[in-house]
Trainee: 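Take this structure, written in C-alpha cells, and hold onto it; I'll ask about it next.
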Amino acid sequence: MKKLLLGNAAVARGLYEAGCRFVSSYPGTPSTEITEEAARYDEIYAEWAPNEKVAFEAAAGASIGGARSFCAMKHVGLNVAADPLFTVSYTGVNAGMLIGVADDPGMASSQNEQDSRHYARAAKLPMLEPSDSQECKDFVQLGYTLSEQYDTPVFLRLSVRVDHSQTLVELGERSVPEFPPYAKDMKKYVMLPGNAIARHVVVENNLAALAEAAETCPINRVEMGDTSVGFVTAGICYQYVKEAFPEASVLKLGMVWPLPVKLIRAFAAKVDRLIVVEELDGFLESHCRANGIRVDGGKDLFGLQGELSQTRIAEALGAAKKPALCFDEPVAPRPPALCPGCPHRGTFYTLSKLGLTVFGDIGCYTLGALPPLGAMDATLCMGASISALHGFQKAQGPESAKRSVCVIGDSTFMHSGITSLTDVVYNKGISTVLILDNSITGMTGHQQNPTTGKTLKGETVPMIDIVRVCEGLGIRRVRVVDPGHLRELEDALREELAVDEPSVLVLRRPCVLLPQVRAQQKPPLQVDREACRGCGMCMRIGCPAMRFDGRAEIDPTLCVGCRLCTQLCHFDAIGKEEQ
C-alpha cells in the first residue's frame, strides 16, 4: 500500500518498520514531527527529553541495552548533543542507533545556517541524506543495518524541504530484529584514556571500511544522460537538479559521509563539465577538490547562503527558466508577530516602557524584539539569556543590574536555564530573571515539557515546580506574577530591580492557543469611536487585532478578549463587547 507522507512522518514510519523501540528527542523545527509521529506507534517508546544532550545520551543507553534507538534534533540542537556524540562514536553500539538532524537552509525558524555534514566528518560517523519521503523511510532501515554492521551510530541528515514536503511512500510491515543481549564490556563502553586509544583505532578502521562500501552502495548511484555536464548532488538538491536539467548526467549521493572518491572520479571522467550542487557549505565540492577532482562549478555559482531551487540553479547556469505555477494576485507581506492575546505581550510592553536592557532566549518570545515592542537587546541560543545577562552585568558593574533583565521560557528553562541560574547564584550575581511560563513548549507547536505534568504520550506525571527549583538553587526572592496585569507586573519589576540579590519572576499565564484556554475565550472587544481620542496608546502593544486610522479599531475576527488594550486606554474607549 502507498500513502502520501511528509518526510518527517516517513522517517517515523521507517522507525516503526525497522523495529525501533526507543525514541528520545527535544522538539526543534524542522525535526519535531518525527518524534510526534513515532509516538503514535504503540510499539515504540517515545519521549520528550529536557534537551538534546539528554535525548542523545538516553538513546545511546537504550542502544547499549539492546534496543534499536533514535533521537531527533535540529541543527543547532546537535551543538548541544556534541559532547556525547564524539564519545559514542568511540564506544559504538549494541543495537543500532540513528541520529536524525534537520538543517534549516534559509533560516525559516532558526538563529543561524549550519551545515551538519561537518559533524559527521569531525565525529567520524556515517551520514545518509534522503531526497524524498520514500528515501526517508528506506534510509532508516539502511541506517540501522549499517549501524549494527559497522558498530557505529549513523546520522540521518534532513532539511526543511525534505521534512515538510510530501511524496508517496510504499508502506511495509514492522520487523523487529533479534534482541541483542547486553554483555558487560568495560573496554568498549568505559572511555578511560587507555580504552579510548584502542577504540579510536576501531573507529578509523570502520570509517575506512565504510568509505570502501560507499563506492558500491546502491544509494550512491550514477544516472547517465547528456555528458556535456554532470552534476554531483544529494538530498533535496537532487530534486532541484532533475527538474531544472532532466536530461543531464547526475551522480546522486545518498551517503554524504564518507564519500565514494573513486565513484566520483569515474563519473567526472565521463562528463565534460562537473558541477557540484549543494546547499550551505561547499562540503562535497571541497572534498572533490582535495582529491584532485576538477570541479567547474559549485559555491562560485550558487553561494553559501539560503536555500537553492530549480529556478536558482537554472539561472546560475544560464538556462531558460521553466514556467512556474503562480498566482496573479500578490501575497501581502506578513511579518511574524506574537498572537492576539499572547501572554508575553504585556511583559515586553512593560520592559520597553521601563527602557530596560533585555537579554532574550529562543522561543515565541523572541518576537518581542520586533517593533513596536522592540524590547530585546540580544538573543544567542537556548538557555543563554541568563548566562549572558550575568556576564553583561559583571562587565558593566553592579549598577547595571538595576536596569537590565533576562527572559526565558518554561521549556527553555528546563532545557538549559537551570545551570545558567546556578551560575548566577554561585558567582554572586544579582540578576533579575523573568521566566515566561506559558504552560507549554510554544514555538515548535505545543509539545509537553517537564513543567506541564504530561508526557509525549499523554501520561500524567509529576510537574516540575519552577518556583521550588529556583528556591532549591538558592534564590530567596521568587514570586509568581500574571503578565496580563500590567500594573502588578511593573511594580514587581521595579521592586526586584531595586534589590541587591538575584531574583526570579515567574510570569505565569497559559498560551492563548491551548485548547483549554480557547474553550474559555472571551468575546471580542470593540472601540467606542466617539470616546477614542486617537492617542495611539493601544497600538504600542503591537496586537494584530488592533488597527488605527486616526482612531483605534479592533478586528473582531482576531480579538480574543484578553483586555490588555483596555489597561492602556485613558479614555475608557475600549471594552464594549461585540454583540
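All values below were derived from every heavy atom in this structure, side-chain atoms included, with hydrogens, water molecules and symmetry-related copies excluded.
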Trainee: Using a 3.5 Å distance criterion without hydrogens, assess whether the side chain of T444 forms a donor-acceptor pair with backbone atoms of T29.
Mentor: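 Flag not set: sc T444 to bb T29 has no pair under 3.5 Å.
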Trainee: Please lay out, stage by stage, how L301 and V277 fare under the test side-chain contact (heavy atoms from CB on, under 4.5 Å).
Mentor: CA-CA 9 Å; L301 292 171; V277 181; over 6 Å; no
Trainee: Give me each pair satisfying ring-ring contact (aromatic ring centres under 6.0 Å, His included) with a member in residues 103-149, each pair once, sequence neighbours excluded.
Mentor: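 Sorted result for residues 103-149: H118-F283.
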Trainee: For residues S63 and V93, report the shortest heavy-atom separation together with the two atoms involved.
Mentor: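 Scanning both residues, the minimum pair turns out to be OG-CB, 3.3 Å.
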Trainee: Testing the 3.5 Å rule here: is there a donor-acceptor pair between the side chains of N79 and E52?
Mentor: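 No donor-acceptor contact under 3.5 Å links the two side chains.
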Trainee: Identify whether the distance between the nearest side-chain nitrogen and carboxylate oxygen of R21 and E43 falls below 4.0 Å.
Mentor: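 Result for this pair is no, no salt bridge flagged.
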Trainee: Answer yes or no: is there a donor N or O on one side and an acceptor on the other, between the side chain of N94 and the main chain of G65, under 3.5 Å?
Mentor: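 No, because the side chain of N94 does not come within donor-acceptor range (under 3.5 Å) of the backbone of G65.
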Trainee: Is the closest basic N to carboxylate O distance between R221 and E223 below 4.0 Å?
Mentor: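 Between E223 and R221 there is a salt bridge, with a charged N closer than 4.0 Å to a carboxylate O.
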Trainee: Look only at the side chain of S147 and the backbone of T152, and say whether a donor-acceptor pair between them is shorter than 3.5 Å.
Mentor: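 Yes; judged by distance alone, with no hydrogens or angles, the pair exists.
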Trainee: For a quick test of reading the model, state the closest non-hydrogen atom pair linking V169 to Q134 and the distance between them.
Mentor: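 Here V169 and Q134 meet closest at CA-OE1, 3.2 Å.
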Trainee: Once you round to the nearest 0.5 Å, how far does CG of D410 lie from OG1 of T441?
Mentor: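 Spacing of CG (D410) from OG1 (T441) equals 6.5 Å.
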Trainee: Could you walk me through whether Y41 and C20 pass side-chain contact (heavy atoms from CB on, under 4.5 Å), step by step?
Mentor: CA-CA 10 Å; Y41 297 103; C20 174; over 6 Å; no
Trainee: Should E307 and R161 count as an ion pair when the cut-off is N to O under 4.0 Å?
Mentor: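 Salt bridge present between E307 and R161.
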Trainee: Could you check H287 against W257 for side-chain contact (heavy atoms from CB on, under 4.5 Å), going step by step and ending with a plain yes or no?
Mentor: CA-CA 10 Å; H287 196 70; W257 191 258; 3.7 Å; yes
Trainee: In Å, rounded to the nearest 0.5 Å, how long is the span from CZ of R121 to CG of L207?
Mentor: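 It is 11.5 Å, given to the nearest 0.5 Å.
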Trainee: Does any non-hydrogen side-chain atom of M73 lie less than 4.5 Å from one of I99?
Mentor: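 SC-SC contact between I99 and M73 confirmed.
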Trainee: Can you find a heavy atom in the side chain of M255 that is under 4.5 Å from one in the side chain of M127?
Mentor: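 Not in contact.
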Trainee: Which residues pass the salt bridge (charged side-chain N to carboxylate O under 4.0 Å, His left out) test with R294, sequence neighbours left out?
Mentor: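 Only D296 meet the salt bridge (charged side-chain N to carboxylate O under 4.0 Å, His left out) criterion with R294.
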Trainee: To the nearest 0.5 Å, tell me how far L98 CG sits from L15 CG.
Mentor: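 Here the interatomic distance stands at 7.0 Å.
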Trainee: Compute whether any side-chain donor of one residue and acceptor of the other, for S24 and Y45, lie under 3.5 angstrom apart.
Mentor: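 There is no such pair between these side chains.
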Trainee: Can you tell me if CD on E170 sees more than 12 non-hydrogen neighbours from other groups inside 6.0 Å?
Mentor: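 Buried by this count: over 12 neighbours within 6.0 Å.
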Trainee: What distance do S286 atom OG and E278 atom CD have between them, rounded to the nearest 0.5 Å?
Mentor: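 With rounding to 0.5 Å, OG (S286) is 7.0 Å from CD (E278).
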Trainee: Please check: side-chain N/O of N51 versus main-chain N/O of K53, any donor-acceptor pairing under 3.5 Å?
Mentor: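 The answer is yes, because a donor-acceptor pair under 3.5 Å joins these two groups.
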Trainee: For a quick test of reading the model, state the closest non-hydrogen atom pair linking R289 to V295 and the distance between them.
Mentor: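 For R289 and V295, the tightest heavy-atom pair comes out as NH2-O, 3.3 Å.
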Trainee: Under 3.5 Å, is there a donor-acceptor pair between the side chain of K454 and the main chain of Q447?
Mentor: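 Flag not set: sc K454 to bb Q447 has no pair under 3.5 Å.
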Trainee: Does a side chain donor of either N449 or H415 reach within less than 3.5 Å of an acceptor in the other side chain?
Mentor: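 Looking only at side-chain atoms, H415 and N449 do not form any donor-acceptor pair under 3.5 Å.
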Trainee: Which residue pairs pass the ring-ring contact (aromatic ring centres under 6.0 Å, His included) test when at least one of the two sits in residues 158-201, sequence neighbours left out?
Mentor: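 Of all non-adjacent pairs touching residues 158-201, those that pass ring-ring contact (aromatic ring centres under 6.0 Å, His included) are Y90-H200.
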Trainee: Hey, are the side chains of S411 and Y26 touching, using non-hydrogen atoms and a 4.5 Å cut-off?
Mentor: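 They are in contact (side-chain heavy atoms under 4.5 Å apart), so the answer is yes.
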Trainee: Are E37 and R40 ion-paired here, with the side-chain N under 4.0 Å from a carboxylate O?
Mentor: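 Looking at R40 together with E37, the answer is yes, because their closest N to O distance falls below 4.0 Å.
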Trainee: Can any side-chain N or O of T87 pair as donor or acceptor with the backbone N or O of P84 at less than 3.5 Å?
Mentor: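 No: the side chain of T87 does not pair with the backbone of P84.
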Trainee: Between L156 and V101, is the side-chain contact (heavy atoms from CB on, under 4.5 Å) condition met? List the steps.
Mentor: CA-CA 6 Å; L156 185 70; V101 57; over 6 Å; no
Trainee: Could you tell me whether the side chain of K262 reaches within less than 4.5 Å of the side chain of E212, counting heavy atoms only?
Mentor: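 Answer yes - side chains close enough.
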Trainee: I need the E135 CD to I219 CD1 distance, nearest 0.5 Å.
Mentor: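 Between E135 CD and I219 CD1, I get 8.0 Å after rounding to 0.5 Å.
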Trainee: Which heavy atom of G19 sits nearest a heavy atom of R174, and at what distance?
Mentor: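 So the two residues come closest at CA-NH1, 3.6 Å.
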Trainee: Please report the shortest heavy-atom distance between L6 and S133, naming the atom on each side.
Mentor: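 Distance-wise, the nearest heavy atoms are C-OG, 3.6 Å.
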Trainee: For K74 and S110, does a side-chain donor sit closer than 3.5 Å to a side-chain acceptor?
Mentor: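 Looking only at side-chain atoms, S110 and K74 do form a donor-acceptor pair, the distance falling under 3.5 Å.
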Trainee: Strictly distance-based, threshold 3.5 Å: is any side-chain N or O of T412 a donor or acceptor partner for the main-chain N or O of I362?
Mentor: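 Side chain of T412 to backbone of I362, a donor-acceptor pair under 3.5 Å: yes, one is there.
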Trainee: I need the single residue from D104, D115, D163 that forms a salt bridge (charged side-chain N to carboxylate O under 4.0 Å, His left out) with R157. Which is it?
Mentor: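 Answer to the salt bridge (charged side-chain N to carboxylate O under 4.0 Å, His left out) test with R157 among D104, D115, D163: D115.
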Trainee: Is the closest side-chain heavy-atom distance between F56 and V88 below 4.5 Å?
Mentor: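 They are in contact (side-chain heavy atoms under 4.5 Å apart), so the answer is yes.
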Trainee: What I'd like to find out is whether the side chain of T379 reaches to under 4.5 Å of the side chain of Q111, using heavy atoms alone.
Mentor: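 No. Closest side-chain heavy atoms not under 4.5 Å.
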Trainee: Please examine the side chains of T233 and V250, heavy atoms only from C-beta on, and report whether any two atoms are closer than 4.5 Å.
Mentor: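 They are in contact (side-chain heavy atoms under 4.5 Å apart), so the answer is yes.
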Trainee: Looking at every heavy atom in both R117 and E279, which two are closest together, and how far apart are they?
Mentor: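 Smallest interatomic distance, heavy atoms only, reads NH2-O, 3.4 Å.
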Trainee: Say whether S228 and D272, considering side chains only, have a donor N or O and an acceptor N or O under 3.5 Å apart.
Mentor: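 Their side chains do not contain a donor-acceptor pair, so the 3.5 Å distance test is not met.
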Trainee: Taking everything shown except K187 itself, do over 12 heavy atoms lie less than 6.0 Å from its NZ?
Mentor: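 Result for NZ/K187: open.
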Trainee: Counting N and O atoms only, with roles assigned by atom type, does the side chain of N220 sit under 3.5 Å from a partner on the main chain of A214, one being a donor and the other an acceptor?
Mentor: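 Yes, because the side chain of N220 sits within donor-acceptor range (under 3.5 Å) of the backbone of A214.
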Trainee: What's the spacing between E285 CD and K299 NZ if we round to 0.5 Å?
Mentor: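 Result: 7.5 Å between the selected atoms.
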Trainee: Does any non-hydrogen side-chain atom of V229 lie less than 4.5 Å from one of V271?
Mentor: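 They are not in contact (no side-chain heavy atoms under 4.5 Å apart), so the answer is no.
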Trainee: If you draw a 6.0 Å radius around CZ in R265, do more than 12 non-hydrogen atoms from other residues or ligands fall strictly inside?
Mentor: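 Yes.
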Trainee: Taking side-chain hydrogen bond (donor to acceptor under 3.5 Å, both in side chains) as the criterion, tell me which of S385, S416, S420 meets it with D361.
Mentor: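 Checked S385, S416, S420 against D361; only one passes side-chain hydrogen bond (donor to acceptor under 3.5 Å, both in side chains): S385.
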Trainee: Do side-chain atoms of Y365 reach the backbone of G409 as a donor and acceptor pair under 3.5 angstrom?
Mentor: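 Checked: pair present.
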Trainee: Quick one: does E47's side chain have a donor or acceptor within less than 3.5 Å of a partner on V23's backbone?
Mentor: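 Checking the backbone N and O of V23 against the side chain of E47, no donor-acceptor pair under 3.5 Å is found.
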Trainee: Please confirm whether F70 and F22 have ring centers closer than 6.0 angstrom.
Mentor: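 Not close enough - the centres of the two rings lie 6.0 Å or further apart.
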Trainee: Can D138 and R13 be counted as an ion pair, charged N to O under 4.0 angstrom?
Mentor: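 Salt bridge absent between D138 and R13.
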Trainee: With a 3.5 Å cut-off and no angle check, do the side chains of T145 and Q149 form a donor-acceptor pair?
Mentor: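 Short answer, no.
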